[in-house]
Amino acid sequence: MKLVHWISTGGLIALAAATAYAQQAQPRPAALSQARPAPRMTIPVKALLPATTTLFDNYVARNTMPGIVGAFGVGNGPTLFPSAGRISDDAGAPAVSPDSLWRVYSMSKPITGMAAMMLIEDGKLNLDDPVSKYIPAFKDMKVATSPDTSLASRPATRPITIRNLLTHTAGLGYSIVTKGALLKEYERLGILPASVNAAMEEKMRLVRPTSLEAFANRVATLPLIADPGTKWSYSIGLDVMGRVIEVASGMSFERFVQTRLFDPLKMKSSFWQVPQSEVGRLATNYAFVGDTRTPLDPAATSVFLQKPSFPYGGAGLVMSARDYDRFLHMIQDGGTLDGVRVMKLETIALATSNLLPAGVTYGGVSGGTGGTKGSNMGFGAGGSVVLETMPNGPGKGTYAWGGAAGTVAWVDPLKRTRGNVMVNYFPADRIPLREDVVAALQQDAARLRR
């Protein structure tokens, strides 16, 4: 009955208030030995979150998606994992669980952002260090004068900094948003740090660099879209940050993330390459054309079973809802989880504060990218942040981001609430998932107030 007390005394109500931010912003099999056992609960999740579980059930019943799982928590109470459906349309596909594996795409960016903040805490990086201190090729950058039509350029007026990489203010482009002449040059040089499916990967590998070092050095040869520190523009900044982390830490990027984040947080279902032994819990990613859902990256032949050209800090991770909840729980609790401290409270506070350069504002991105948008928002270390506490809404420092295949995550360190939702389909904004989930959680909170 402790769980009932937790909810009835305001836990879920606080959670629903915090998830209003997502409206602006945009199981592992028991036989596996490394599975983390689910907490024992005497009351089914459906009884605690009836509107939310009904929403998920209806998504599946209406064939909107094959399956979905959420992870919602308040303080140190047990995380609630409503779920519905299966991990694919295939006959006999396993039911969705907290330990099913999903392509989180740009939800990799907060992981990379927090890894960089650890090195700032260690004194090995500074927010306003020039990136050229770690990657000399970035010393003399150029800015395209008409990036949509030409590669003509002029010298940049200032250097790119660590702050710029973390906040998408470096002036770097992105193949999902850049257009024209500069986009063609990105594609020609293989500045494509993402995996989609095996067929596309075969073509991308022909031109993509084969290491983070080569990738970063090649990026440095391209003109910027704006002077560093003058404009927010969604970018490959967190991918370049992976190379900075390698240089500053003296170890590979993936090893740093594994040893400093995943291992101490017991995140055993987070992969740059999904082991063949785990393919049975990997969801299939789908693409919608109109109302037709087609497998884009079937689990059995997924590109994520291959070793990537290098670890993509902006879009490369496959994770479970349980693992992402543990990451968010650590942020919620000021850098600790289960008695293990991985970051200082002051570092978390800095990471979830507005790190944008003076004079730069964040206006959001399209829902198709998986990012967030809305008023009262700035940008922190790899994710958007709420600037001021909102009445009956998220607290100052609420930190969030989403993924291109529909996933979404947020954490409110002030009110100590968190949530993530896992699905896998393109485009991410095919349905108003974030708005629907917020409304359902608010209904559940209202029911508890009666």
Side-chain angles (χ1 to χ4, degrees), residues 106 108-109 112-113 116 125 128-196 200-249 252-254 308-316 357 382:
S106 285
S108 306
K109 290 177 171 69
T112 302
L125 288 178
D128 296 310
D129 279 346
V131 172
S132 60
K133 178 178 177 181
Y134 308 93
I135 310 174
F138 279 89
K139 185 174 182 181
D140 297 307
M141 297 301 292
K142 302 289 193 297
V143 178
T145 52
S146 300
D148 287 354
T149 59
S150 167
L151 295 178
S153 62
R154 59 167 176 80
T157 60
R158 65 187 83 178
I160 297 174
T161 65
I162 300 302
R163 180 190 301 271
N164 297 152
L165 292 183
L166 289 172
T167 60
H168 299 295
T169 57
L172 296 171
Y174 212 164
S175 61
I176 59 175
V177 294
T178 302
K179 300 177 182 179
L182 188 55
L183 172 60
K184 290 180 180 179
E185 194 68 356
Y186 268 60
E187 293 173 339
R188 185 184 73 83
L189 293 177
I191 308 304
L192 304 165
S195 298
V196 178
M200 292 184 66
E201 182 67 8
E202 186 176 349
K203 296 177 181 178
M204 294 164 78
R205 278 184 188 266
L206 294 175
V207 292
R208 189 193 290 128
T210 57
S211 69
L212 264 173
E213 179 180 14
F215 166 78
N217 287 340
R218 198 175 293 186
V219 169
T221 68
L222 294 166
L224 305 174
I225 62 165
D227 281 303
T230 63
K231 178 182 179 181
W232 192 95
S233 184
Y234 206 24
S235 74
I236 55 172
L238 275 300
D239 295 287
V240 173
M241 181 60 74
R243 176 56 184 165
V244 173
I245 288 170
E246 286 191 333
V247 175
S249 69
S252 70
F253 172 49
E254 63 266 49
S309 300
F310 51 88
Y312 313 135

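In this structure, Y174 and Y234 have perpendicular ring planes: the angle between them is above 60°, well past the 30° mark.
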CA sep, side-chain torsions, deciding dist, call: M204, S195, side chain to side chain contact (heavy atoms under 4.5 Å, CB included): CA-CA 9 Å; M204 294 164 78; S195 298; over 6 Å; no
Side chain to side chain contact (heavy atoms under 4.5 Å, CB included) between N164 and T161, worked out: CA-CA 5 Å; N164 297 152; T161 65; 3.1 Å; yes
Stepwise side chain to side chain contact (heavy atoms under 4.5 Å, CB included) check, I135 with E213: CA-CA 8 Å; I135 310 174; E213 179 180 14; over 6 Å; no
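Checked by atom type and distance alone, the side chain of Y186 pairs as donor or acceptor with a backbone atom of G173 at under 3.5 Å. Checking side-chain atoms of S175 against main-chain N and O of L192 turns up no donor-acceptor pair under 3.5 Å. Under a 3.5 Å cut-off, the side chain of D239 and the backbone N or O of G314 do form a donor-acceptor pair. Although no hydrogens or angles enter the test, the distance criterion places a donor-acceptor pair under 3.5 Å between the side chain of R208 and the main chain of A194.
Side-chain contact between P130 and R158 is absent, with no heavy atoms from C-beta onward closer than 4.5 Å. Taking 4.5 Å as the limit, some side-chain heavy atom of L212 sits within range of a side-chain heavy atom of P311. Using a 4.5 Å heavy-atom cutoff, the side chains of I162 and M241 are in contact.
When all heavy atoms of P209 and G190 are compared, the closest pair comes out as CD-O, 3.2 Å. Between P193 and A315 the shortest heavy-atom distance is O-CB, 4.0 Å. The minimum heavy-atom distance between L166 and G113, with the atom names listed, is CD2-CA, 3.9 Å. S235 approaches K109 most closely through the heavy-atom pair O-CE, 4.1 Å. The shortest non-hydrogen separation linking S150 to A144 is O-CB, 4.5 Å.
Ionic pairing of E246 and R243 is present here: one or more N-O contacts between side-chain nitrogen and carboxylate oxygen are shorter than 4.0 angstrom. The residues R163 and D128 are annotated as salt-bridged, a charged nitrogen and a carboxylate oxygen being separated by less than 4.0 angstrom.
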Which donor-acceptor pairs under 3.5 Å do side chains of residues 219-232 form with protein atoms, sequence neighbours excluded?
residue	atom	partner	partner atom	Å
T221	OG1	R218	O	2.6
D227	OD1	R154	NH1	3.3
D227	OD1	T157	N	2.9
D227	OD1	T157	OG1	3.2
D227	OD2	R154	NH1	3.3
D227	OD2	R154	NH2	2.7
T230	OG1	D227	O	2.6
W232	NE1	T167	O	2.9

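Sorted by first and then second residue, the ring pair (Phe, Tyr, Trp, His ring centres under 6.0 Å) pairs with a member in residues 129-149 form an empty list; sequence neighbours excluded.
From E185, atom CD reaches atom OG1 of T178 across 12.0 Å, with rounding to the nearest 0.5 Å. A distance of 11.5 Å separates OG of S108 from OH of Y312, quoted to the nearest 0.5 Å. Distance check: L183 CG to R188 CZ gives 13.0 Å after rounding to the nearest 0.5 Å. Taking CG of D129 as the reference point, atom CD1 of I160 lies at 13.5 Å (rounded to 0.5 Å).
For E202, the CD atom counts as loosely surrounded, since its 6.0 Å shell holds 12 or fewer non-hydrogen atoms of other residues, nucleotides or ligands.
Test T112, L172, L238 against L165 for side-chain contact (heavy atoms from CB on, under 4.5 Å) and you get one pass: L172.
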